[in-house]
Amino acid sequence: MRAWAYAAILVGIVLFLAAVLAKRLSHCVFTCKSCGGAFRIPWRRALWVEHFNSDYKLSCPHCGKKGWCAAARPNEKGAR
């Protein structure tokens, strides 16, 4: 196979993994550190969100403040 075919396969795998991870992230419940409101985000938005560990920089739909929100999986303690 040629080098471009390997590159195309690699890019396809990376895009697939990014979509799978974003889909998993869309099932998380985010909690605003300002107002305590809980919300979820669509998976397309999860592709581009800035994050550090389990904190994500999002705009809260409840209070409108943009800041770091904690993420929790639905089966973890503290998730709503």
Side-chain angles (χ1 to χ4, degrees):
M1 253 203 279
R2 299 194 181 209
W4 63 267
Y6 289 118
I9 291 170
L10 182 63
V11 167
I13 290 170
V14 168
L15 290 175
F16 174 76
L17 289 176
V20 167
L21 291 175
K23 189 70 172 169
R24 273 186 74 193
L25 187 60
S26 71
H27 294 290
C28 290
V29 176
F30 296 91
T31 305
C32 178
K33 292 185 178 180
S34 295
C35 70
F39 60 95
R40 292 190 172 164
I41 59 172
W43 71 270
R44 287 179 203 90
R45 187 171 170 203
L47 280 173
W48 308 109
V49 68
E50 182 182 351
H51 69 281
F52 181 76
N53 292 334
S54 64
D55 289 338
Y56 293 81
K57 196 165 195 177
L58 299 167
S59 295
C60 176
H62 303 289
C63 67
K65 184 177 179 197
K66 184 172 185 171
W68 295 97
C69 301
R73 298 223 180 273
N75 57 356
E76 287 181 6
K77 278 191 164 185
R80 295 179 186 175

Sequence neighbours excluded, which residues qualify as side-chain hydrogen bond (donor to acceptor under 3.5 Å, both in side chains) partners of K33?
D55
Single-linkage hydrophobic cluster, 4.5 Å side-chain cutoff, [X] and [Y] together:
X	Y	result
F16	L10	no
V11	V14	no
W4	L15	no
F39	W43	no

Can you tell if the side chain of [X] reaches within under 4.5 Å of the side chain of [Y], non-hydrogen atoms only?
X	Y	result
L21	L25	no
C60	S34	no
K66	L58	no
C28	Y56	no

Any chance you could measure [X], atom [atom1], to [Y], atom [atom2], to the nearest 0.5 Å?
X	Y	atom1	atom2	result
C32	K65	SG	NZ	7.0 Å
I41	W48	CD1	CH2	13.5 Å
S26	R45	OG	CZ	12.5 Å

Provide the closest heavy-atom pair for K57 versus V49 in the form atom of the first, atom of the second, distance.
O-CG2, 3.4 Å
